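Each remark here refers to the structure printed beneath this line.
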Amino acid sequence: MTELTIRSGSWDALQQDAKLIREQVFIQEQNISVEDEWDEQDAVALHFVVYDQTHPVATARLLQNNSIGRVAVLKAYREQGIGKLLMLEIIQQAKHEQRQFLKLSSQVHAIQFYAGLGFVAQGDEYLDCGIPHIDMQMCLS
């Protein structure tokens with residue numbers, strides 16, 4: 001694998017690259033509607049994009065309420081540890097900001113991935129955009 005870099009910043013700074021990934025993963029692959037994918041939270045979230053040289057390959061966002069969302073890795077780049085690298089960067093950022101906890105809504109197939117990072121499932125499964133999810137949380141303090 002080539003050298004990967006991670007950039008974090010505002011939606012204005014990273015929108016073009018983050019949109020490219022989210023459109024491929026969520027809208028095309030998972031058939032999530034355009035209306036459900038884009039929301040007002042993008043404007044206020046801290047965004048992260050992983051690059052393989054200059055090519056954007058993964059993205060996620062960190063909201064002001066400590067929620068991580070829109071975690072996506074392009075199909076050709078999955079199973080290479082890129083999602084873990086991205087999540088560890090977000091966790092480090094949250095610790096740097098002295099956040100007390102992180103939470104996310106995990107697609108059920110990804111529960112083990114997030115559990116491996118220290119997230120704990122909470123509550124019951126539910127459908128979000130027709131996809132089974134479960135809430136997960138990690139204590140940082």
Side-chain angles (χ1 to χ4, degrees), residues 1-123 125-141:
M1 185 186 325
T2 57
E3 189 175 325
L4 298 170
T5 55
I6 302 175
R7 283 185 56 203
S8 62
S10 68
W11 185 237
D12 286 343
L14 296 174
Q15 174 178 2
Q16 185 176 352
D17 294 337
K19 265 190 159 180
L20 185 82
I21 297 161
R22 285 167 54 181
E23 283 171 354
Q24 284 184 47
V25 173
F26 297 125
I27 296 171
Q28 293 171 20
E29 274 183 52
Q30 297 184 353
N31 296 313
I32 292 172
S33 73
V34 172
E35 296 77 30
D36 286 331
E37 179 55 31
W38 311 118
D39 63 24
E40 70 286 347
Q41 293 299 313
D42 279 323
V44 295
L46 178 61
H47 294 268
F48 297 80
V49 177
V50 180
Y51 295 88
D52 178 358
Q53 295 179 34
T54 60
H55 185 66
V57 300
T59 190
R61 69 183 188 184
L62 177 59
L63 301 180
Q64 294 165 336
N65 69 355
N66 300 322
S67 182
I68 298 171
R70 303 305 202 268
V71 180
V73 179
L74 293 180
K75 198 171 206 167
Y77 288 84
R78 292 181 196 150
E79 307 296 324
Q80 299 177 36
I82 293 171
K84 181 177 182 180
L85 189 75
L86 175 60
M87 288 298 297
L88 291 173
E89 180 77 13
I90 296 169
I91 292 165
Q92 274 308 116
Q93 178 68 34
K95 286 178 178 177
H96 177 74
E97 293 177 8
Q98 299 182 326
R99 296 182 188 227
Q100 300 299 304
F101 67 94
L102 287 170
K103 60 184 178 177
L104 53 83
S105 176
S106 172
Q107 291 186 6
V108 169
H109 73 83
I111 290 171
Q112 287 310 117
F113 168 74
Y114 292 115
L117 292 164
F119 285 85
V120 177
Q122 297 184 317
E125 281 185 29
Y126 56 91
L127 289 179
D128 187 2
C129 299
I131 300 169
H133 282 70
I134 194 159
D135 289 334
M136 300 188 80
Q137 188 162 321
M138 169 193 274
C139 186
L140 298 176
S141 55

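For this chain, numbers begin at 1 and follow the sequence in order. No experiment lies behind these values; they were computed from the predicted model shown. In what follows, every heavy atom counts, from backbone to side chain, and hydrogens, waters and symmetry copies are set aside.
Between Asp42 and Arg61 a salt bridge is recorded (basic side-chain N to carboxylate O distance below 4.0 Å).
To the nearest 0.5 Å, atoms CG (Leu140) and CD (Gln92) are separated by 9.5 Å. Note that NE2 of His55 is 11.5 Å distant from CG of Leu4, once rounded to the nearest 0.5 Å. Note that the CD atom of Glu97 and the CG atom of Leu62 stand 6.0 Å from one another [nearest 0.5 Å]. Taking CD1 of Ile32 as the start and CD of Glu23 as the end, the distance is 12.5 Å to the nearest 0.5 Å. Rounding to the nearest 0.5 angstrom, the gap separating the CE atom in Met138 from the CZ atom in Phe119 is 4.5 Å. To the nearest 0.5 Å, atom CG of residue Leu102 and atom NZ of residue Lys95 are 9.0 Å apart.
Residues Val50 and Pro56 form no side-chain contact, since every pair of their non-hydrogen atoms from C-beta on lies 4.5 Å or further apart. Side chains of Tyr114 and Ile68 form no contact here, defined as non-hydrogen atoms less than 4.5 Å apart. The shortest side-chain heavy-atom distance between Lys103 and Gln122 does not fall under the 4.5 Å cut-off. Contact of the Phe113 side chain with the Ser106 side chain is not registered, since no non-hydrogen atoms from C-beta on lie closer than 4.5 Å. Using a 4.5 Å heavy-atom cutoff, the side chains of Val73 and Val25 are not in contact. Residues Arg70 and Asp39 meet the side-chain proximity criterion, which asks for heavy atoms closer than 4.5 Å. Looking at heavy atoms from C-beta onward, Phe26 lies out of side-chain contact with Ile131 at the 4.5 angstrom threshold.
Across Val49, Leu20, Asp52, a single residue satisfies side-chain contact (heavy atoms from CB on, under 4.5 Å) together with Val57, and that is Asp52.
When all heavy atoms of Val71 and Met87 are compared, the pair lying nearest together is CG2-SD, 4.1 Å. Closest of all the heavy-atom pairs between Met136 and Ala115 is CE-N, 3.9 Å. Contact detail for Ala121 and Ile134: the closest heavy-atom pair is CB-CD1, 4.1 Å. Ala60 approaches Leu86 most closely through the heavy-atom pair CB-CD2, 3.9 Å. Taking each heavy atom of Tyr51 and Gln53 in turn, the nearest pair found is CB-O, 3.3 Å. Of all heavy-atom pairs spanning Gly9 and Leu14, the tightest one is N-CD1, 3.4 Å.
Atom NE2 of His109 has more than 12 heavy atoms from other residues, nucleotides or ligands within 6.0 Å. The environment of CD in Glu79 is sparse: at most 12 heavy-atom neighbours from other residues, nucleotides or ligands sit within 6.0 Å.
By the 30° and 60° cut-offs, the orientation of the rings of Trp38 relative to Trp11 is tilted.
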Open item on the list: Applying side chain to side chain donor-acceptor pair (under 3.5 Å) to Gln93 and Glu89, what does each step give before you reach the verdict?
Closed with: CA-CA 6 Å; Gln93 178 68 34; Glu89 180 77 13; over 6 Å; no
Task: side-chain contact (heavy atoms from CB on, under 4.5 Å) assessment of Ile90 paired with Leu46 - done: CA-CA 9 Å; Ile90 296 169; Leu46 178 61; over 6 Å; no
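Side-chain N or O atoms of Ser105 include none that pairs as donor or acceptor with a backbone N or O of Asp135 at under 3.5 Å.
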